[in-house]
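Not measured: the values here are computed from a predicted model. In this chain, numbering begins with 1 at the start of the sequence shown. Because only heavy atoms are used, hydrogens play no part in the values below, and waters and symmetry mates are left out as well, while side chains stay in.
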Amino acid sequence: MLALGFSALAGMEIGALAKQEMRKLCSGPNPYVTAALAERHRLQVIYMAVRRSNQAVSLTMNVGARLPLFYSAIGRAVLVGMQADEREEMLQLAMREHPENETVIRQGLDEAQEDFARYGFTTSFGKWRKEVNGIAVPVEALDGDRIYGLNVGGPSFLVSPEILVSEYGSRLIESARMIGRQETG
């Protein structure tokens with residue numbers, strides 16, 4: 001019971017720390033982006049904190065929204081942040097629950113690892129939903145037993161892959177570092 005309480009507290013702390021960084025991300029060069037922090041639950045990630053632009057057109061994702069682990073940028077960030085054995089366990093679970101999607105699931109994991117090696121963040125440009133582009137990074141919990149995802153994205157007709165990579169990639173990586181420093185500092 002005590003461990004569960006500390007785990008919940010760690011989740012609340014990281015959410016509070018992430019809010020300032022998400023605000024900074026949303027004040028970047030594209031006014032249509034949304035930033036979020038999510039945690040894995042089985043084969044999905046659940047938004048714990050969301051910061052939207054003030055524009056009339058933006059992603060309307062809220063706290064509690066569920067995104068797929070293998071298709072969304074934020075889910076992919078959680079995957080690459082996991083230990084190899086846990087990642088393999090998620091892969092096997094996904095293939096057991098969705099054997100018809102084995103090729104796409106494996107491709108999603110391969111893309112996540114390639115993007116992370118290339119950029120330092122994961123991408124999903126129309127992979128989860130055709131009309132959504134996003135990039136994300138893993139963030140390790142204070143107690144080290146959990147990986148969160150931090151993302152930035154938006155409607156594909158307003159937020160291009162190019163702007164996300166060139167203008168938000170390094171900002172997102174730095175935001176994840178700042179959250180990690182605040183947690184351990």
Side-chain angles (χ1 to χ4, degrees), residues 7-26 28 33-51 59 61 63 65-94 105-125 127-128 132-154 161 164-165 168-185:
S7 180
L9 182 60
M12 289 177 8
E13 288 174 3
I14 196 167
L17 294 171
K19 285 184 180 185
Q20 178 180 354
E21 293 303 316
M22 292 188 308
R23 185 173 42 256
K24 287 180 192 176
L25 288 166
C26 287
V33 300
T34 296
L37 179 75
E39 177 180 17
R40 183 186 68 78
H41 177 71
R42 292 193 40 85
L43 295 175
Q44 298 179 321
V45 290
I46 301 172
Y47 277 2
M48 301 169 51
V50 178
R51 175 71 182 200
L59 292 181
M61 304 296 289
V63 169
R66 295 174 179 265
L67 286 75
L69 193 60
F70 287 86
Y71 307 112
S72 64
I74 198 164
R76 290 174 171 189
V78 170
L79 279 169
V80 301
M82 292 176 176
Q83 296 294 321
D85 58 336
E86 185 181 7
R87 188 171 39 249
E88 181 62 26
E89 185 180 317
M90 290 299 101
L91 178 63
Q92 295 306 316
L93 178 62
I105 291 167
R106 285 186 184 279
Q107 182 180 0
L109 180 55
D110 290 345
E111 288 174 2
Q113 291 173 315
E114 290 168 11
D115 286 344
F116 194 71
R118 179 178 180 188
Y119 300 117
F121 53 84
T122 60
T123 69
S124 181
F125 304 134
K127 298 287 184 176
W128 167 53
V132 177
N133 290 330
I135 61 174
V137 291
V139 177
E140 190 172 344
L142 175 63
D143 57 11
D145 76 341
R146 196 176 326 174
I147 300 294
Y148 298 94
L150 178 67
N151 77 348
V152 63
L164 287 171
V165 170
Y168 287 91
S170 60
R171 294 165 56 103
L172 185 62
I173 293 166
E174 182 58 25
S175 289
R177 283 189 189 125
M178 292 303 295
I179 293 167
R181 276 192 210 125
Q182 291 174 7
E183 275 203 325
T184 58

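Looking only at side-chain heavy atoms (C-beta outward), Y119 and I173 stay at 4.5 Å or farther from each other. Counting heavy atoms from C-beta outward, K24 and E174 have side chains that stay 4.5 Å or more apart. A heavy-atom distance below 4.5 Å is found between the side chains of L91 and F70.
Taking CD of E114 as the start and CZ of R76 as the end, the distance is 10.0 Å to the nearest 0.5 Å. Note that the OG1 atom of T34 and the CG atom of N151 stand 8.5 Å from one another [nearest 0.5 Å]. Rounding to the nearest 0.5 Å gives a distance of 13.5 Å between CZ of R66 and OH of Y47. Here Y71 contributes atom OH and E111 contributes atom CD; the two are 11.0 Å apart, rounded to the nearest 0.5 Å. Remark: L93 CG to L69 CG distance equals 9.5 Å, nearest 0.5 Å. Rounded to the nearest 0.5 angstrom, E88 CD and M90 CE are separated by 10.5 Å.
With R87 contributing its side chain and L79 its backbone, the two residues share a donor-acceptor pair below 3.5 Å. Between the R40 side chain and the I147 main chain, no donor and acceptor come within less than 3.5 Å of each other. In this structure a side-chain-to-backbone donor-acceptor pair under 3.5 Å is missing from S124 to G134.
Here Q113 pairs with nothing under the side chain to side chain donor-acceptor pair (under 3.5 Å) rule; sequence neighbours left out.
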_Let's go through T123 and L164 carefully: what are the C-alpha distance in whole Å and the side-chain angles of both, what is the deciding distance for side-chain contact (heavy atoms from CB on, under 4.5 Å) to 0.1 Å, and is it a yes or a no?_
CA-CA 9 Å; T123 69; L164 287 171; over 6 Å; no
*Verdict with supporting geometry, F125 and I135, side-chain contact (heavy atoms from CB on, under 4.5 Å)*: CA-CA 8 Å; F125 304 134; I135 61 174; 4.0 Å; yes
*Take I14 and M48 through the test side-chain contact (heavy atoms from CB on, under 4.5 Å) and record every step on the way to the result.*
CA-CA 10 Å; I14 196 167; M48 301 169 51; 4.2 Å; yes
_What verdict does the side-chain contact (heavy atoms from CB on, under 4.5 Å) test give for V33 and L25, after you've listed the backbone C-alpha separation in whole Å, the side-chain angles of each residue and the deciding distance to 0.1 Å?_
CA-CA 8 Å; V33 300; L25 288 166; 5.8 Å; no
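Summarising the geometry of P138 relative to A77, their closest heavy-atom pair is CB-O, 3.3 Å, with the distance given to 0.1 Å. The two residues A38 and V45 have their closest heavy-atom pair at CB-CB, 3.9 Å. Closest approach of M22 and L37 over heavy atoms only: SD-N, 3.7 Å. Contact detail for V137 and A176: the closest heavy-atom pair is CG2-CB, 3.5 Å. The two residues A49 and K19 make their nearest non-hydrogen contact at CB-CE, 4.4 Å. Across all non-hydrogen atoms, the minimal contact from G149 to V78 is N-CG2, 3.6 Å.
Counting non-hydrogen atoms of neighbouring residues, nucleotides and ligands closer than 6.0 angstrom, the CD atom of Q83 reaches no more than 12 such neighbours.
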